[in-house]
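Reading through the structure tokens given below for one structure.
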Amino acid sequence: MKLLLTALRTEPFELVTSIKNIKKMHAYQLEQTKTLEDLKENNEIADQFVSEYEIKYLERAEAFIKEILLLSDKEVEKLESLDRTEFMMVQSKIILSLQGYDSETIEKIFSENKQVSKK
């Protein structure tokens with residue numbers, strides 16, 4: 001599947017929607033969910049735990065994106081320079097692709113979200 005992520009490169013990525021990558025996506029989502037559950041259980045030390053959670057979340061997300069897209073060093077630098085919204089958009093588009101959504105549907109989802117957030 002072709003996935004255009006202009007924040008990282010002008011040509012589309014070839015995203016392999018293999019069972020192996022789908023398993024990686026689910027493992028990634030499970031780890032993120034477990035960390036969020038830990039955050040909820042440890043709310044008495046919230047400030048420290050939130051910071052630790054955020055670091056883990058971003059590191060896992062970055063590792064997932066790098067692994068799935070097979071990013072070059074230059075693309076990794078671009079990924080690391082994105083703001084939080086752009087970074088999360090890249091992650092979300094990859095996940096939606098691995099869940100079976102086509103590029104047109106993904107772009108429609110994100111264009112609708114932009115319109116809703118402007119209101």
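Side chains included, hydrogens not; waters and symmetry mates left out as well; all remaining heavy atoms used.
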As an exercise, state the distance from [atom1] of [X] to [atom2] of [Y], rounded to the nearest 0.5 Å.
X   : Y   : atom1 : atom2 : result
L5  : T10 : CG    : OG1   : 11.5 Å
Q32 : Y57 : CD    : OH    : 5.5 Å
I95 : M25 : CD1   : CE    : 7.0 Å
E31 : K56 : CD    : NZ    : 9.5 Å
L3  : I68 : CG    : CD1   : 11.5 Å
L79 : R9  : CG    : CZ    : 12.5 Å

Please check if atom OH in Y101 has more than 12 non-hydrogen atoms from other residues, nucleotides or ligands closer than 6.0 Å.
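It does not: Y101 OH has 12 such atoms or fewer within range.
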Inspect the surroundings of CD in E104 and state if more than 12 heavy atoms from other residues, nucleotides or ligands are less than 6.0 Å away.
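No, the 6.0 Å shell around CD holds no more than 12 heavy atoms from other groups.
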Any link between [X] and [Y] through a network of hydrophobic side chains (Ile, Leu, Val, Met, Phe, Trp, Tyr) touching at under 4.5 Å?
X   : Y   : result
M88 : L69 : yes
L70 : L8  : no
V90 : I22 : yes
Y28 : L82 : yes

Output, in order, the C-alpha distance, side-chain angles, deciding distance and verdict of side-chain contact (heavy atoms from CB on, under 4.5 Å) for F110 and L96.
CA-CA 11 Å; F110 280 90; L96 288 170; 3.8 Å; yes
Looking at [X] and [Y], would you say the former's side chain and the latter's main chain have a donor-acceptor pair under 3.5 Å?
X    : Y   : result
Q91  : I65 : no
S103 : L4  : no
E80  : E77 : no

If you compare all heavy atoms of [X] against all heavy atoms of [Y], which two are closest, and at what distance to 0.1 Å?
X    : Y   : answer
D102 : M1  : CA-CE, 3.3 Å
T17  : S97 : CG2-O, 3.8 Å
E75  : S72 : OE1-N, 2.9 Å

Please test Q29 against H26 for side-chain contact (heavy atoms from CB on, under 4.5 Å), starting from the C-alpha separation and ending with a verdict.
CA-CA 5 Å; Q29 289 180 311; H26 286 299; 3.7 Å; yes
So N21 and E67, do their side chains get closer than 4.5 Å, heavy atoms only?
no
Step-by-step side-chain contact (heavy atoms from CB on, under 4.5 Å) determination, F13 to I94
CA-CA 10 Å; F13 286 90; I94 293 168; over 6 Å; no
